[in-house]
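Remarks on the structure that follows.
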Amino acid sequence: MEDLVRTALTAADGPGVRYADARVVAPLRMLHLAVQNGRAQALTDAREGGLGVRVRTDRAWGFAGTSELSPSAARASAALAVRLARAAGRAVPGPLRVTDEARVDRGRYATGLERDPFDVPREEIVRLLTDAEASLHVGRDVKSGVASLQAWSETKWFASSEGASYTSRIVQVGAGVSATAVRGANVQRRSAPSSFGGDYRQAGFEFVASLDLPGRADSVGREAVALLDAPACPTGRTTLVLGSDQLALQVHESVGHAVELDRIYGSEAGYAGTSWVPIGELGRLRYGSDAMNVVADATEPGGLGTFGWDDEGTPGQRTSIVERGTLVGVLSSRESAAELGLARSGGTARAEGADRSPLVRMTNIDLLPGDLSREELLEEIPEGIYVETNRSWSIDDRRLNFQFGTEIGRRIVHGELGELVRNPIYSGMGPEFWSSMDGVGDQATWHLWGVPNCGKGQPGQIARVSHGAPIARFRNVAVRGGG
Amino acid sequence: MATRRSRSRDPIALALAGLPDGASADVRVTHRTWTTIRFANGRIHQPHLERSTHVSFRVAEDGRLGTATSSDLSAVGLAAVRDAARSLAHVAPVEKTFPGFPSDRRAAGRLPAFSESTAALSPERATRIARSILEAARARAPEGRIAGVVIVGAERRRVANSAGLDRTDRFSTAQASVLVDRPDRDPPVSGWSEGGHWDHRRLEAERLGTEAAERVAPSPPAPVDPGAYRVVLRGPAMATALEYLAHLGFGGSGELEGWSCLRRLRGRRIAPEIVDLADDPRSRNTVPFAYDCEGTPTRRTRLIDHGIAGEAATDLVTAGRLGRRRTGHALPPESPWGEWGPMPTRMILAPGDATEDELVRATGTGLLVTRFHYVRVVDPGRGVITGMTRDGTYRIEHGAIAGPVRNLRFTESLLTLLRGISLLGREARIFPTERATSAITTPAAAVRSFRFTSATLF
């Protein structure tokens, strides 16, 4: 594969070409096993491969990818990338600048794991899922139970015309259970450890075993049924406590995407949108309360956004994003960092597979823990709502107005969790919401959640990222019952 | 007739040849060529070309199913994908109602419309289309910031199975969208246009650029209170709503699992007489294809027949589980909708005869919405979805557009939307999603009541 990368780089040359990089991903393996109501919902084993070549002229980028791993396909892709860059450059008013970066030479990165999920007998996995799924069916109202596992293994070779080169193998895995109870038009779902298929980690099958899916399934099924009879979440402004998994998604949508520098500069304006963040106020913009501290950490053990080098060859790094409520950092690539005048890229240019071009993506975006125990955080609340596990999520194209629904809510009465409420929805505006956060849970409430489905770009790319989050308390938030 | 030599190189024959007695399988080989030219801040910033080939192999052994996919079409690679599928089938739960792979050997008949020149469009030609959009938008809005995309390409697919079915299919598409905004205004204002066609010569790229630029309001958007309004939904907004209706109302998974919002309403009136919605993958008025990914011939399916709700979509497995016939809606698992199960992907809403001015006039007082953003399901059983308006939301007063308003969040049931349709536009444009995994052909519509639940700052 190293030869293929070299072949592509050699071919990606010619008048006007200033830079080229090439990636081979082979294999990109994906395993998706899901059992639903005692039957197979998905039993799929994918083994893909591909090569991508990116070139830069003085004025534009060009990218071409292929699934064919041969020297002739590598040369053809390189030639196409050069043609695209030249054609694109004709419509560009000014020169294209990128940051200078330290060169990685023959770097190597590999996920530390005990048990490779792709080596685990399929029978063992399907038996685990079948047992867990069966336990979800606690009554006739449970119309659908699902137990699923997903695993990815990506082996990659990267090299650039600047002399950078590395190889990496990243293994990620996750699993979960979900029960859907239905009575008429009343549909209630409950999932564990969280929605989107559970929880995920850069790790081996030992992580799946630690989730104890069969042990969780019974209570998941019972909560789904109990939600059918629960009253609707009350409407009004109240104190809201977000569970760790819901807070992780809140960070993803209203912090992570908003601080992507390509969005801020308008590169995604025609599709995903832009950002409310005025980049000229970096270092002094109030993003939230003093209790808000956020980092982007591509070095975090176990994170889905952890890697040795990004898809431009820049090392993974830990960057402060919000310190005591003030925006101090952003996510960047070599191009966007240069546009801001930064000396170095933030190392967050990531691509899905080999046939996509790198974009500014999240790594592991964590809200750091505070110092309140769960009990201390709740005890000051005479009346409020606690919610966890996302059910619906939507935010405007500048990442301001959001509305999230969760699978489950509970009334908080005099500092204690009480009655279940169904279809809770809360909404707000990003900066106002984060400014209302006056209590952040301690390390015991903090968890690193894997999010396997972050979409961005055209053609569409899915990134797997993580978010560490504690539980946290927000004052005067609009909540209501959905549906 | 394939020769012995050509047969030995045929990946489908190679994949099926190694099956043991008693096993059956279907194989799908897909070749894709796509050029994507993105532009932002007035320049082409992400030109992208992709050529790929994939094989998907699904095996049935003793009533158990397993699937594997690969990009390696060598003999070794095909043997590996077959073995991977078989190893999954060996441990799979028994699919008691699986009807077996169909043995349809009928002549294929004429394939629907396809554009060879679109499929073979050079990267330079695709780039020129993007430049023509940029120039058209710039001519009308020289102060505007322009962003968008041109996507051109084709997919060729062959599906065969061990029961003798062997189908070849293809589709081509050219699609574009363009945003013109004024981030220098406070709050910013923007205009939008999009469209697509199976033939790039009918994309009307310059028109899209002009239209987006002309929709940028000259005055700042005014705040408006959330609440229920009469609305005119332009084509892009209607297309998004119908896309969710395909999943929540006509998807096979929702029917099977009991959460479909139309499950208890089939055969009953859910919309006025003027609402006539079909899934018609062979029409020239969509991005057509002839077979689903299991090789079942596609056909016109009435989804809402003059207001009356029709049946849900099925594929081989779903049809078996529901005890119904398959409707030709199998989706490849790797498509964005694959995990949603079978559903219509070529919906066509019959147009009415109103111009946009007439829709606005008939609305009297209300809001005109260009498009929706970040739509998600809130309550599947009641068909409730939420999302934002974006890139051109206007107040309607006295039957005319009175000026732009700040964007709003809606939280509304698709059933309420359908019931409230009072008038349909005369122009039905094709709105493909990326690479035409879905394509909705729809006019604009006037709707009696649509609920907005909050507002944003711009």
Side-chain angles (χ1 to χ4, degrees), chain A residues 35 38-40 42-50 60-68 80 83-85 87-88 91-93 122-123 126 130 143-144 180 182 185-187 266-267 269-271 273 355 357 392-398 400-401 403 405 423 425 427 429 458-460 482-483, chain B residues 34 36 38 40-41 43-54 65-72 80 84 87-88 91-93 95 123-124 127 131 134 145 147-149 177 179 181 257-259 333 373-374 376-382 384 386-388 390 407 409 434 454 456-458:
Chain A
V35 174
R39 296 189 277 206
L43 291 178
T44 304
D45 187 341
R47 180 186 281 266
E48 310 287 337
W61 295 101
F63 178 89
T66 177
S67 62
E68 185 184 333
L80 283 165
R83 281 173 62 189
L84 271 173
V92 173
R122 304 294 186 258
E123 188 173 10
V126 172
T130 304
K143 302 298 185 199
S144 173
T180 303
V182 181
N186 188 359
V187 179
S267 291
Y271 183 58
D355 57 10
S357 194
S392 74
W393 68 107
S394 175
I395 189 164
D396 75 33
D397 56 288
R398 293 179 70 206
L400 279 168
N401 176 303
Q403 177 175 298
N423 299 346
I425 287 176
S427 57
M429 305 291 286
Q458 293 169 303
Chain B
W34 290 106
T36 306
R38 294 187 90 188
N41 296 309
R43 69 182 183 91
I44 292 173
H45 69 312
Q46 288 172 7
H48 181 284
L49 189 145
E50 178 188 337
R51 290 175 174 168
S52 64
T53 301
H54 297 271
L65 297 168
T67 303
T69 70
S70 175
S71 55
D72 183 356
S87 72
L88 285 177
V91 299
E95 187 66 42
E124 288 81 4
T127 306
R131 282 211 299 271
L134 276 166
R145 183 174 71 168
V149 69
S177 60
L179 168 80
D181 71 346
E257 295 162 22
W259 49 257
H373 172 78
Y374 217 130
R376 291 294 182 272
V377 178
V378 172
D379 185 348
R382 295 178 176 86
V384 178
T386 188
M388 296 296 301
R390 182 179 170 183
N407 287 299
R409 168 171 300 288
E434 184 180 298
S454 65
T456 191
L457 300 179
F458 59 95

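Please read all numbers here as calculations on a predicted model, not as lab measurements. Chain naming here is simple, since letters A, B, ... match the order of the sequence lines and numbering starts at 1 in each.
Below 30°, between 30° and 60°, or above 60°: for A:Trp393 and B:Tyr374 the angle between ring planes is above 60°, a perpendicular geometry.
Going from atom CG of A:Asn401 over to atom CE of B:Met388 covers 4.0 Å, rounded to the nearest 0.5 Å. Summarising the geometry, atom OG1 belonging to A:Thr44 is positioned 7.5 Å from atom CG belonging to B:Leu88; distances are rounded to the nearest 0.5 Å. Rounding to the nearest 0.5 angstrom, the gap separating the CG atom in A:Asp396 from the NE2 atom in B:His373 is 6.5 Å. Distance check: A:Asp355 CG to B:His48 NE2 gives 6.0 Å after rounding to the nearest 0.5 Å. Atom CD of B:Glu95 and atom CG of A:Leu43 lie 10.0 Å apart (nearest 0.5 Å).
When all heavy atoms of B:Thr69 and A:Ala46 are compared, the closest pair comes out as OG1-CB, 3.0 Å. In this structure, A:Ala88 and B:Ile44 approach most closely via the heavy-atom pair CB-CG2, 3.5 Å.
With a threshold of 4.5 angstrom between heavy atoms, A:Ala42 does not approach chain B through any atom at all. The parts of B:Ser454 that come within reach of chain A are both its backbone and its side chain, each placing non-hydrogen atoms under 4.5 angstrom from that chain. With a threshold of 4.5 angstrom between heavy atoms, B:Leu65 approaches chain A through N, CA, C or O but not through any side-chain atom. Heavy atoms closer than 4.5 Å to chain A are found in the side chain of B:Arg38, but not in its backbone. Only the side chain of B:Gln46 comes within contact range of chain A, with heavy atoms under 4.5 Å apart. Using a 4.5 Å cut-off between heavy atoms, B:Leu49 contacts chain A through both its backbone and its side chain.
Contact of the A:Asp397 side chain with the B:Phe458 side chain is registered, since non-hydrogen atoms from C-beta on lie closer than 4.5 Å. The shortest side-chain heavy-atom distance between A:Gln403 and B:Val378 falls under the 4.5 Å cut-off.
Options B:Ala147, B:Ala40, B:Pro47, B:Gly387 differ in how many heavy-atom pairs under 4.5 Å they form with chain A, and the most are formed by B:Pro47. The choice from A:Leu84, A:Thr130, A:Thr180 that makes the most heavy-atom pairs within less than 4.5 Å of chain B is A:Leu84. Counting heavy-atom pairs closer than 4.5 Å to chain B, the top-ranked of the candidates A:Gly62, A:Ala185, A:Ser392, A:Gly405 is A:Ala185. Among the candidates A:Ser357, A:Gly50, A:Gly38, A:Ala40, the residue making the largest number of heavy-atom pairs closer than 4.5 Å to chain B is A:Ala40. Options B:Asp72, B:Thr456, B:Leu179 differ in how many heavy-atom pairs under 4.5 Å they form with chain A, and the most are formed by B:Thr456. If you tally non-hydrogen atom pairs under 4.5 Å between each of A:Asn186, A:Val187, A:Asp45, A:Val35 and chain B, the highest count goes to A:Asp45. Heavy-atom pairs under 4.5 Å with chain B peak, among A:Pro459, A:Gly460, A:Ser427, A:Ala269, at A:Pro459.
Remark: the backbone N or O of B:Ala80 is not paired with any side-chain donor or acceptor of A:Arg47 at under 3.5 angstrom. The backbone N or O of A:Gly49 lies less than 3.5 Å from a partner atom in the side chain of B:Ser71, making a donor-acceptor pair. Panel note: side chain A:Gln458, backbone B:Val149; no donor-acceptor pair is recorded below 3.5 Å.
In this structure A:Arg83 satisfies the side-chain contact (heavy atoms from CB on, under 4.5 Å) test together with A:Leu80, B:Ser122, B:Pro123, B:Glu124, sequence neighbours excluded. Scanning for ring-ring contact (aromatic ring centres under 6.0 Å, His included) contacts around B:Trp259 gives B:His247, with sequence neighbours left out.
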If you apply the rule side-chain hydrogen bond (donor to acceptor under 3.5 Å, both in side chains), what do you find for B:Arg409 with A:Ser394, and how did you get there?
CA-CA 9 Å; B:Arg409 168 171 300 288; A:Ser394 175; 3.0 Å; yes
In sequence, state the C-alpha distance, the side-chain angles, and the governing distance for B:Thr53 and A:Glu68, and then conclude on side-chain hydrogen bond (donor to acceptor under 3.5 Å, both in side chains).
CA-CA 8 Å; B:Thr53 301; A:Glu68 185 184 333; over 6 Å; no
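Annotation: B:Arg51, atom CZ; neighbour count of heavy atoms from other residues, nucleotides and ligands within 6.0 Å does not exceed 12.
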